[in-house]
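As the structure is a prediction and not an experimental result, all values here were calculated from the model. In what follows, every chain begins at residue 1, and chains take the letters A, B, ... in the order their sequences are listed. All values below come from the heavy atoms of this structure, side chains included, with hydrogens, waters and symmetry mates left out.
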There are 2 protein chains.
Amino acid sequence: MTEKSLTESQAREASRANTALKLERQLCFALYSASSLFTRLYRPLLEPLGLTYPQYLVMLVLWERSPLTVSEIGAALGLDSATLTPLLKRLEAAGYVTRRRDATDERRVLVQPTERGVELKEQAKDVQKELLCRLPLPASELTALHETLGRLNRGMRNAGETES
Amino acid sequence: MTEKSLTESQAREASRANTALKLERQLCFALYSASSLFTRLYRPLLEPLGLTYPQYLVMLVLWERSPLTVSEIGAALGLDSATLTPLLKRLEAAGYVTRRRDATDERRVLVQPTERGVELKEQAKDVQKELLCRLPLPASELTALHETLGRLNRGMRNAGETES
DNA sequence: ACAAATTAAATCGTGCACGATTTAATCGTG
DNA sequence: CACGATTAAATCGTGCACGATTTAATTTGT
């Protein structure tokens, strides 16, 4: 390799790398903003139900299957007991869930929607309908986004487990 | 419309609506998880630099252009002074930025990387390279994701401004 | 059967996010 | 010029997120 070709090659290589790094920086902003804005879109609609966005996510999990232990909810959302315990206590205080020790294993706490918590599911559907109207993308794009995020998330979960 | 056809039509309609609502619920999880996992992937790499992820985002903004006022940083990231003021004070305490009142308008505070803060930019590039390796998607998919998120974010920003 | 290891939840400290309010500087209009 | 309106940042209170530690129940190895 001559001096010149080496320099050119290095320049091309550096340029490609810089493009990739720039894309990644843009992705930082895009992902952070998307998550914040999505939450912000939900907040005023959830407020009348007395739910914050993380509380809503927990209720979504519990509406699918219950009772669940704190750890099971945590596995579904990627949260630990330090975050969930106080959140669940607030949901309990609001009358939306019950928390009780599992009789067969006293270490576990079983969480389950109350009757009021189950009723909330129907009101939440109206919120979801309203939000869908406000989302500016066609369903096809939302599906594509969901799939891409799914691949990304699976990969990131692996990267997290496999790390040194 | 006969009883029967009405019922069938309604059933199809309800089914389509339920599919859309389910997609939206899945998107809630996917977006929330993606943002959390992305942050979690960055965290151990940023920790040696003494930066949290939000602090890193602020530095990314300041590396592009500075000095900026608190409001300008806030506009770039969708954050208000209640969040930024303490964060910037921590960055200042770490020696990465300076904060000073704008002489031409004493209401504003100008924020600017210190020499140390500028040096950090190079170390951050190594972090970005490392993270890119750990990301499980090809550049083409990352680009597509960035574009889709861009459309979504523009739309959500409008929806937020236009709301009742 | 029992001690050590493991597991589940709770607790503590720090930092981010945000609505609401406060303080201070600037601007606009009479 | 002056005074009310606006703007910028800071402050306060509440809730989420997470690393690290603690407490208590269960499991494992002998």
Nearest to the side chain of B/Ser71, which nucleotide is it out of D/dA9, C/dG19, C/dA9? D/dA9
Nucleotide of C/dA17, D/dG19, C/dA10 approaching A/Arg101 most closely (side-chain heavy atoms): C/dA10
Toward the 5' end of DNA chain D, by each residue's nearest nucleotide, A/Glu106 or B/Asp105: B/Asp105
Classify the nucleic acid contact of B/Leu79 as base, sugar-phosphate or nothing, counting any heavy atom under 4.0 Å across all strands shown. sugar-phosphate
Tell me which nucleotide among D/dA10, C/dA9, C/dG15 gets nearest to the side chain of B/Val109. D/dA10
What is the distance from CG of B/Leu88 to C1' of D/dA9, rounded to the nearest Å? 11 Å
B/Asn18 side chain vs B/Leu21 backbone, donor-acceptor pair below 3.5 Å: no
A/Glu141: side chain to side chain contact (heavy atoms under 4.5 Å, CB included) partners, not counting sequence neighbours: A/Leu137, A/Pro138, B/Thr148, B/Arg151
Nearest listed nucleotide, side chain of A/Val70, among C/dT7, C/dA20, C/dA10: C/dA10
Can you tell me the distance, in whole Å, between the CD atom of B/Glu47 and the P atom of C/dT14? 16 Å
If we call it a pair only when both distances are under 3.5 Å in a Watson-Crick or G-U wobble match, what pairs with C/dG30? D/dC1
Partners passing side chain to side chain donor-acceptor pair (under 3.5 Å) against B/Thr104 (at least two apart in sequence or in another chain): B/Asp102
With heavy atoms under 4.0 Å as the rule, sort A/Gly74 into base, sugar-phosphate or nothing. nothing
Sugar-phosphate, base or nothing in reach of B/Thr69, heavy atoms under 4.0 Å: sugar-phosphate
Please pick, from C/dT11, C/dA9, C/dA8, the nucleotide with the shortest atom-to-atom distance to any side-chain atom of A/Arg107. C/dA8
When we call it a touch if two heavy atoms are under 4.0 Å apart, what does B/Leu87 touch: a base, just sugar-phosphate, or nothing? sugar-phosphate
Distance-only donor-acceptor test (3.5 Å): side chain A/Ser81, base C/dA10: yes
Hey, are B/Glu92 and B/Arg99 close enough for a salt bridge, meaning a charged N less than 4.0 Å from a carboxylate O? yes
Which one, C/dG19, D/dA10, D/dC18, comes nearest to the side chain of B/Arg40? D/dC18
Does B/Thr52 reach a base, just sugar-phosphate, or nothing at all? Heavy atoms under 4.0 Å. sugar-phosphate
